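Numbering of residues begins at 1 and proceeds along the displayed sequence. All values reported here derive from a predicted model rather than from experimental measurement. Each ligand, and each atom within it, is numbered from 1 in the order the structure gives.
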Amino acid sequence: MRAPEKRGEGIHPYKIVEIQFEETMRITGITYSEKKDLLFPFREITVEVPVRMDNGDVEVFVGYRVQHNGARGPMKGGVRFHPEVDLYEVRGLAALMSLKTGLMDIPFGGAKGGVTVDPAKLSLPELERLTRKYTQRIGLILGPFRDIPAPDVNTNAQVMAWIFDEYSKAHGFTPAVVTGKPVPLGGAPGREEATGRGVAFITSLAAKDFGIELKGARIAIQGFGNVGSNTAKFLYGMGAKIVAISDVHLALFNPGGLNIPEIYEYYYKNKTLKGYDAAEVLDREDLFKVETDILIPAALGGAISKEKNADFIKTRMIIEAANSPITPTAEKTLLEKKIVIIPDILANAGGVIGSYFEWVQNLQEFRWDRDEFFQKMERIMEKGYKAVIDLAKKENIDLRKSAYAIAIERLAEAERLRGSY
Ligand code: GLU
């Protein structure tokens with residue numbers, strides 16, 4: 001079951017989770033068999049996804065769904081469409097979802113799905129056919145009380161609408177089978193911005209605790225997708241100075257602070273930061289060279305590594321908006337430099353908490369408004385944040401180990417109570 005050490009130039013994303021998991025296991029009171037059980041995924045499937053392309057040819061893609069742990073509730077996690085997706089990545093991300101829902105104490109387990117594809121190369125009808133075929137093939141193991149997908153890298157509300165429709169064809173009207181849907185189809189107002197809003201909220205709590213004045217704080221954000229762009233928007237609204245942002249092409253830099261509302265509008269109109277000319281343009285990797293108070297990786301796993309950038313990063317705090325953005329060796333270097341790291345399962349949990357609210361509303365055929373959504377989301381996140389800080393202080397451990405330990409103990413407790421063995 002062990003992940004390969006490497007993928008391309010860097011460490012494999014599942015290896016990152018495996019190492020972090022194992023390091024934390026050493027400090028928890030759980031037994032060797034519980035440890036083995038928790039690391040092992042409950043069930044995984046690999047499916048063939050044949051798609052009729054617009055030119056008449058059939059292309060075959062590969063899709064995955066990994067269900068990591070369902071002891072605490074139906075398994076939950078996003079679906080990503082990306083050329084680098086493989087089984088190990090999906091497996092690692094599924095484990096992270098179990099930890100995230102465990103840490104936040106919401107009644108879900110963890111899962112993740114993905115298709116190895118570059119969606120930018122597909123037309124909209126091709127993307128729809130791919131999504132529907134993938135849903136048919138993994139549909140057997142989905143269900144509102146079994147496994148509930150949601151958006152992740154390169155998937156959005158429209159993709160969720162197709163998953164909902166395809167599943168409902170076979171099972172009757174079932175909005176609760178997927179979250180992150182468009183609002184007219186049972187999506188929850190607030191869900192789309194929930195991850196970014198949660199990242200900004202956790203940033204504000206952590207900044208206060210660690211002596212950083214958020215108003216005027218210099219922040220760099222790597223990635224301008226759903227999470228990065230919304231994080232930028234909310235932090236800008238809180239008075240922070242966003243000095244650098246990046247997308248897949250380039251980085252934008254302004255030491256005086258970027259005009260985020262203008263860039264947000266530009267990006268959503270043009271689908272790229274390319275061509276925006278009211279800021280200095282840098283190579284996208286040079287974002288990590290910008291000196292900041294807070295650095296927020298909001299793109300893919302392994303973005304911060306010893307080989308690429310950990311040695312020259314100059315910041316006081318890193319907030320992991322992406323899943324697994326820091327490799328374990330980079331983390332050691334950063335912690336030695338006394339940089340505070342707020343781990344992914346805490347920082348970006350707003351998304352899955354929002355999904356929980358959407359699911360609850362779908363099951364009840366009921367609607368809450370946005371304010372109620374965010375109020376409840378922040379209450380859950382604050383509780384999780386405090387628990388992580390308290391345990392870290394009590395045990396003198398870093399924040400990731402603290403977050404993992406809380407989550408792992410909850411999972412083990414549920415397994416024990418259910419009598420899983
Ligand atoms: N993809 C998001 C994450 O990694 C959200 C998952 C969900 O809402 O189920 O947390």
Side-chain angles (χ1 to χ4, degrees), residues 13-14 16-17 64-70 72-82 85 89-104 106-115 138 142-157 159-160 163-164 175-182 186-188 190-199 201-202 223 225-228 230-231 297-301 319-325 342-362 373 377 380-381 384 403 407:
Y14 185 57
I16 301 180
V17 182
Y64 308 95
R65 185 75 184 169
V66 175
Q67 298 176 334
H68 174 257
N69 188 290
R72 303 182 60 266
M75 288 172 271
K76 187 84 193 79
V79 171
R80 61 172 60 181
F81 291 165
H82 194 273
V85 161
E89 170 171 322
V90 179
R91 188 184 286 165
L93 293 165
L96 273 186
M97 286 310 301
S98 302
L99 297 179
K100 207 179 292 186
T101 53
L103 175 64
M104 290 297 137
I106 55 175
F108 285 137
K112 199 82 173 197
V115 178
I138 64 161
L142 300 183
F145 297 105
R146 182 160 283 159
D147 181 356
I148 305 143
D152 198 78
V153 174
N154 293 334
T155 57
N156 56 18
V159 173
M160 300 307 117
I163 295 178
F164 152 68
V177 72
V178 60
T179 57
K181 296 178 294 295
R191 172 63 186 87
E192 191 143 24
E193 306 121 281
T195 312
R197 170 103 176 203
V199 172
F201 176 66
I202 289 291
N226 173 284
V227 179
N230 281 304
T231 299
L300 295 173
I319 312 277
E320 293 187 331
N323 290 316
S324 284
I342 306 292
D344 44 12
I345 60 170
L346 170 62
N348 70 27
V352 73
I353 296 171
S355 283
Y356 166 43
F357 296 159
E358 182 172 328
W359 178 74
V360 166
Q361 292 168 68
N362 291 154
F373 180 102
M377 180 185 95
I380 293 177
M381 292 191 91

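Considering backbone and side-chain atoms alike, Thr179 places every N or O at 3.5 Å or more from each N or O of ligand 1. At least one N/O-N/O distance between Lys100 and ligand 1 falls below 3.5 Å. Where the criterion is an N or O separation shorter than 3.5 Å, residue side chain and backbone included, Ala150 fails it with respect to ligand 1.
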Problem set entry | His82 and Glu89: CA distance, side-chain angles, deciding distance, side-chain contact (heavy atoms from CB on, under 4.5 Å) verdict | CA-CA 11 Å; His82 194 273; Glu89 170 171 322; 5.5 Å; no

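Atom CD1 of residue Ile380 and atom CD1 of residue Ile353 lie 5.0 Å apart, to the nearest 0.5 angstrom. Put simply, CZ on Arg72 and CZ on Phe108 are 10.5 Å apart, with the number rounded to the nearest 0.5 Å. If you take CD1 on Ile163 and CD1 on Ile138, they are separated by 6.5 Å, rounding to the nearest 0.5 Å.
Among protein heavy atoms, atom 9 (O) of ligand 1 sits closest to Lys76 NZ, 2.9 Å. Among protein heavy atoms, the minimum distance from atom 1 (N) of ligand 1 is reached at Asp152 OD1, 2.7 Å.
Proximity to Gly351 (heavy-atom distance under 4.0 Å) selects the following atoms of ligand 1: 8 (O). Within ligand 1, the atoms closer than 4.0 Å to a non-hydrogen atom of Gly77 are 9 (O), numbered from 1 in the order shown. Applying the 4.0 Å criterion to heavy atoms of Arg191 picks out, from ligand 1, the atoms 5 (C), 8 (O). Counting atoms of ligand 1 from 1 in the listed order, those under 4.0 Å from a heavy atom of Ser355 are 7 (C), 8 (O), 9 (O).
Ile148 is not listed as a side-chain neighbour of Glu358, based on a closest heavy-atom distance of 4.5 Å or more. Between Pro151 and Val159, every side-chain heavy-atom pair lies at or beyond the 4.5 Å cut-off.
Under the 4.0 angstrom criterion for non-hydrogen atoms, Pro151 is in contact with ligand 1. Residue contact annotation: Met97 has a non-hydrogen atom under 4.0 Å from ligand 1.
Checked by atom type, the side-chain pair Thr155/Arg80 shows no donor-acceptor distance below 3.5 Å. A donor-acceptor pair shorter than 3.5 Å can be found between the side chains of Asn348 and Asn323.
Atom CD of Glu192 sits in a sparse spot, with 12 or fewer heavy atoms from other residues, nucleotides or ligands closer than 6.0 Å.
With a 4.0 Å heavy-atom cut-off, ligand 1 is reached by no atom of Met160. Residue contacts with ligand 1 for Asn323 involve side-chain atoms from C-beta outward but no N, CA, C or O (heavy atoms, distance under 4.0 Å).
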